[in-house]
Protein chains: 2
Amino acid sequence: MLSMKTQYAFKALMYLAQNDNGEPVLIAEIAEKKNIPLKFLENILLELKKSGILNSKKGKGGGYFFNQPPSDVRLAKVIRLIEGPIALLPCVSLNFYQKCKNCDERNCGLSDVLKEVRDATLSILESKTVADIANVKS
Amino acid sequence: MLSMKTQYAFKALMYLAQNDNGEPVLIAEIAEKKNIPLKFLENILLELKKSGILNSKKGKGGGYFFNQPPSDVRLAKVIRLIEGPIALLPCVSLNFYQKCKNCDERNCGLSDVLKEVRDATLSILESKTVADIANVKS
DNA sequence: TCCAATCTCTATTTTGTTTATAGAAAATGT
DNA sequence: ACATTTTCTATAAACAAAATAGAGATTGGA
């Protein structure tokens, strides 16, 4: 299951995509409209900025806005950034690979199946973008 | 990612499937061969028994064994039992459904996508069984 | 009938992660 | 200079995962 943090990230991104008119949006506005704890949201937006998805402006008239079109932000990227691995085991993760303890990968039926799951999942999450889930045109 | 508990469950089931010769297998043997903390494994096997997947016998010559053919035990069942929901959000879970806070499901692009992910995942996890991952014939 | 072997049960502890909060610092526009 | 707003570092609180402990119940066999 996705953590609250990731769910908040998606809510914030959807809100920003739906209010993407060139004007920065206040953290406080997103927090209030989407019912997200303000200080928690600050952290999340900062991570999204550091990864290049969002950008921001300080001071009066400041706030957050997209650094790239929402249609370029794939859901897989957001999940990996905020949540971590998409695969169900470290030994089948593409971006967070780690060797399994006590599991011979060359000969592990479970990892074979979970690779299939990973690929099926990624084919969806890599093709859908924030624009898709926010119902805004590309 | 699957918890250690679920990974242990799969390891134990694979071991049992590969040593399925009518003789009960000791918890202690599985724990040692698969490097699983003994007392933790006890809990796990008990859950697998209560759900009907395994059965057991006490006393000398006792141990655990399958209550149904490994080829009947779908991976989805094991994950739901030990881990919980397979879906990425409560509001798209078939077996653990819960309404999302602050999310209008009729009109939430994210839940639409995560339903697709769920279906793709389930079509694999409902078709593969413990026999498949243990490489034993049905 | 007694005993050792083995699973069963309930409770607790330990450890780690997630979620949330606090407050000062830096940048910006007027 | 000042109010506004993001940025940063640190910490607290709550929760969940992982592991452990020890007594209880059942079984088979001597």
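Heavy atoms only: backbone and side chains are in, while hydrogens, waters and symmetry mates are out. Per chain, numbering begins at 1; letters A, B, ... match sequence-line order.
Atom P of nucleotide C:dC7 and atom CD of B:Glu23 are separated by 13 Å, given to the nearest angstrom. Regarding B:Lys50, its NZ atom lies at a distance of 10 Å from the C1' atom of C:dT10, rounded to whole Å. Put simply, NZ on A:Lys60 is 21 Å from P on C:dA27, counting in whole angstrom units. Distance, B:Lys58 NZ to D:dG29 P: 17 Å, rounded to whole Å. Across the protein-nucleic acid pair, B:Leu48 atom CG and C:dT8 atom C1' stand 15 Å apart, rounded to whole Å. In this structure, B:Ile36 places its CD1 atom 13 Å from P of D:dT20, rounding to the nearest Å. Nucleotide D:dA13 holds its P atom 17 Å from the CZ atom of A:Phe40, rounded to whole Å. The nearest whole Å value for the distance from the CE atom in B:Met4 to the P atom in D:dT20 is 12 Å.
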Assess whether salt bridge (charged side-chain N to carboxylate O under 4.0 Å, His left out) is satisfied between A:Glu23 and A:Lys57, documenting all intermediate values. CA-CA 10 Å; A:Glu23 293 296 293; A:Lys57 233 175 92 179; over 6 Å; no
Yes or no on salt bridge (charged side-chain N to carboxylate O under 4.0 Å, His left out) for B:Glu47 and B:Lys50, after CA distance, side-chain angles and deciding distance? CA-CA 5 Å; B:Glu47 282 188 68; B:Lys50 284 179 176 164; over 6 Å; no
Does the side chain to side chain contact (heavy atoms under 4.5 Å, CB included) test come out yes or no for B:Ile82 and B:Phe10, once each step is laid out? CA-CA 10 Å; B:Ile82 307 290; B:Phe10 278 122; over 6 Å; no
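Here the side chain of A:Asp119 pairs no donor or acceptor atom with the backbone of A:Glu116 at under 3.5 angstrom.
The residue among B:Leu46 and A:Gly59 whose nearest nucleotide of DNA chain C lies closer to the 5′ end is B:Leu46.
Contact annotation: the side chain of B:Asn67 never approaches that of B:Lys49 to less than 4.5 Å [non-hydrogen atoms, C-beta and beyond].
As judged by a 4.0 angstrom heavy-atom cut-off over every strand, A:Leu45 is placed among residues making no nucleic acid contact. Counting any heavy atom pair closer than 4.0 Å across all strands shown, A:Leu38 reaches no nucleic acid atom.
In this structure, A:Ser3 reaches the C:dT19 phosphate: one of its side-chain N or O atoms is under 4.0 Å from OP1 or OP2. Between C:dT8 and B:Ser56, a contact under 4.0 Å exists linking OP1 or OP2 to a side-chain N or O. Close to D:dA19, at under 4.0 Å from its OP1 or OP2, lies a side-chain N or O of B:Tyr8. Close to D:dA19, at under 4.0 Å from its OP1 or OP2, lies no side-chain N or O of B:Lys5.
With D:dT9, D:dT6, C:dT10 as the choices, the nucleotide that has an atom nearest any side-chain atom of A:Asn43 turns out to be D:dT9.
For D:dG22, its base sits under 3.5 Å from the side chain of B:Lys39 at one donor and acceptor pair at least.
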